[in-house]
Amino acid sequence: MIRHTTLLFLLLAGALSVGLFSIKYQVQDLEQKLVSLNKSIYQERRSIHVLNAEWSYLNNPERLAGLASRLLHMQPILPSQLASLKEIDSRLDGLGTASLPLGEGGGQ
Amino acid sequence: MTVRTRVHLEGNLKQALETGRNRLLVTGVVFMIAFVVISIRLVDLTVFGPGARPRLAHVAAAAPNVVKRADIIDRNGVILATSLPSASLFADPRDVMNAEDAAARLVKVLPDLTYSEILAKLDSGARFVWLSRNLTPNQQYQVNKLGIPGLSFRQGERRVYPQGREAAHILGLTDIDGKGIAGIEKRFSDALENAASPLQLSIDIRIQSMLRRELMSSMAEFKARGAAGAVLDVHTGEVMAMVSLPDFDPNQPATMLDDAAFNRVTKGVYEMGSTFKLFNTAMALDSNTVGLKDGYDASKPIHIARFTIHDFHAKNRWLSVPEILIYSSNIGSAKMAMDVGAKAQRFYLDRFGLLRPSDVELPEIGLPQTPRRWGDISTMTISYGHGIAVSPLQVVGAAAALVNGGIRYPVSLLKHRGLEAPEGERVLSARTSDEMRGLMRLVVTKGTGKNAAATGYLVGGKTGSAEKQVDGRYAVKSLISSFVGAFPMNNPRYVMMAMLDEPKGTKRTFNYATGGWVAAPVIKRMVMAMGPLLGMMPNRSTDGKDGLPRLASLRVGAGAGKPRLETY
């Protein structure tokens with residue numbers, strides 16, 4: 001009887017210590033992973049910071065204007081190119097014939 | 001049958017057994033205590049202890065900022081100034097074994113340095129010398145590759161301005177140790193250090209870039225010494241753009257030479273000339289000294305003491321109040337100012353913010369120059385912008401109050417947060433402001449500011465051309481030519497100013513270098529570029545319903561109105 005209990009407790013203690021050790025090493029691994037992750041997050045943030053600066057540099061309005069006119073043949077928009085929907089409406093009325101399919105859902 | 005046996009233990013044996021029992025008891029008690037302690041600790045750790053709280057999220061959030069000094073961004077979030085991590089090279093000369101060899105190899109990698117300079121530093125016997133600050137990552141790699149003992153790097157940061165010269169005078173720059181030495185960098189130097197969030201300015205880099213481009217082209221065309229300009233939101237006092245030329249590249253502090261370092265918009269004070277007639281007319285109308293239908297005889301120059309006041313665009317007849325502004329009559333303005341009186345003039349100019357230094361957040365602020373004795377002559381000359389010198393930014397700030405309904409807001413370079421308008425001070429009645437809007441529009445449609453008329457948007461404003469004082473005398477050929485304008489005049493949103501320092505007339509302008517010829521076109525081009533960019537609908541009404549107060553009924557134009565006697 002006593003020998004059985006002793007055996008049981010010995011087994012239990014053995015199992016527990018094995019479990020404890022394995023968890024301890026797991027935690028150690030995780031912590032190492034955490035440190036390296038934090039480090040790489042910092043690295044990424046650093047790169048993002050530098051890239052943001054570069055993005056701002058590349059988006060310089062003067063540079064963009066030059067690129068747009070040289071490569072895309074674009075020009076600054078003129079006030080005469082702006083119109084409201086109301087103005088378009090009156091122009092269309094003037095045409096008389098045209099009727100736009102305005103998509104009346106549930107029609108014929 | 002059982003035999004009861006009784007064992008009698010005597011003597012030594014009994015004693016040994018007793019001892020064994022006692023020892024067992026003591027050991028048991030010790031173990032008991034140990035187990036109790038362990039279980040208490042177990043409960044303590046698992047139930048109450050800090051081990052119960054996860055600390056993962058905490059660790060991630062506490063990641064340090066990449067750089068110490070915060071960014072400066074424009075109103076749309078575009079980075080105007082940022083710090084980049086960089087390495088600086090230093091040496092401990094006592095650890096450098098062969099100074100000549102080290103210097104020779106370093107010069108090959110870092111061509112900016114000279115051999116003799118490095119050698120002197122490495123031979124100095126000090127324990128610490130800077131060799132080169134702010135290396136690029138590539139340079140750092142190459143220096144590392146040399147493998148010279150005694151050299152090491154210190155991680156630091158370098159301030160860069162991705163937009164280059166665009167906002168140079170606003171941002172200013174920092175010295176090599178990252179301390180602000182000019183502009184916003186200096187004004188907010190402490191706040192930028194270790195700030196968690198970037199500093200957001202009211203500047204719109206697109207408009208800033210436009211203004212700079214237009215001023216540069218005008219400056220080049222008229223061979224001016226310098227130029228200045230500003231765009232303000234009339235309802236908040238926010239500076240949308242502010243340019244002073246010539247400027248410098250904050251990425252290269254060496255370009256910050258005398259004239260380029262001078263901020264003409266805030267630090268420079270100038271006698272503005274006729275743009276002051278706007279303020280003169282506004283105060284006369286607001287104090288009910290004159291009405292729009294009154295006028296003055298401007299047929300003869302005024303002689304006072306040893307001065308004579310002429311008109312540049314002389315009409316030699318009676319002029320109504322709108323005409324005085326439209327044709328920029330010095331005589332009429334001077335007479336109007338005399339009716340307003342020196343005291344009221346001073347009161348109004350002070351409320352417009354023209355007598356005290358600008359409240360904008362920059363260290364480079366010029367003190368306005370005002371007459372020491374504010375006599376009749378001063379009152380007269382100030383009416384058309386002489387005898388008082390103010391900075392262009394002060395003029396724009398005051399002009400905003402003329403058109404926005406009569407409220408002066410502090411001029412600010414920081415983005416206004418919240419939907420409500422900032423706290424302002426009423427300086428004019430709403431009625432006077434309405435009248436001024438109409439008058440400013442008339443200057444552009446019928447007067448000296450025709451070159452500012454943009455298609456699509458109603459521009460109003462006033463030209464100004466002042467002779468500069470050179471050695472205490474007014475030099476006829478050296479002008480400060482400017483234009484103060486606002487748009488759209490039926491509901492003003494932006495007020496702006498362009499100013500050129502000593503422009504020279506060209507064949508195209510018939511050798512004129514006045515504000516109407518050199519500065520007004522800048523405003524026109526700005527309006528036509530800004531309007532569509534900011535999504536403002538152009539005004540295309542042809543029936544004249546532009547929402548402006550009706551001034552057309554007033555007598556404006558040649559031969560209009562019969563001469564009337566002066567009122568004083």
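A, B, ... follow the sequence lines: proteins, then strands. Residue 1 opens every chain.
B:M536 touches chain A through its backbone: at least one of N, CA, C or O sits under 4.5 Å from a heavy atom, while the side chain does not. Only the side chain of B:Y457 comes within less than 4.5 Å of a heavy atom in chain A; its backbone stays farther off. The part of B:E166 that comes within reach of chain A is its side chain, from C-beta onward, which places non-hydrogen atoms under 4.5 angstrom from that chain. Residue contact with chain A, scored on non-hydrogen atoms closer than 4.5 Å, involves the side chain of B:V67 exclusively.
To the nearest 0.5 Å, atom CE of residue B:M210 and atom CD of residue A:E62 are 10.5 Å apart.
Comparing B:L533, B:V527, B:V78, B:L84 by how many heavy-atom pairs each has under 4.5 Å with chain A, the most go to B:L84. Counting heavy-atom pairs closer than 4.5 Å to chain A, the top-ranked of the candidates B:T82, B:V160, B:T455 is B:T82. With chain A as the partner, the residue from B:A529, B:G535, B:P85 showing the most heavy-atom pairs under 4.5 Å is B:P85.
Between B:I205 and A:P61, the closest side-chain pair of non-hydrogen atoms falls below 4.5 Å. Side-chain atoms of B:P532 and A:Q81, non-hydrogen and from C-beta on, never get closer than 4.5 Å to each other.
Of all residues in residues 49-56 of chain A, those placing a non-hydrogen atom less than 4.5 angstrom from a non-hydrogen atom of chain B are A:H49, A:V50, A:N52, A:A53, A:S56. Along residues 67-79 of chain A, the residues that come nearer than 4.5 angstrom to chain B, judged on non-hydrogen atoms, are A:I77, A:L78, A:P79 in order of number.
Nearest approach of B:M537 to A:A83, heavy atoms of both residues: CE-C, 3.5 Å.
Sparse packing is recorded around OH of B:Y141, with 12 or fewer heavy atoms of other residues, nucleotides or ligands lying under 6.0 Å away.
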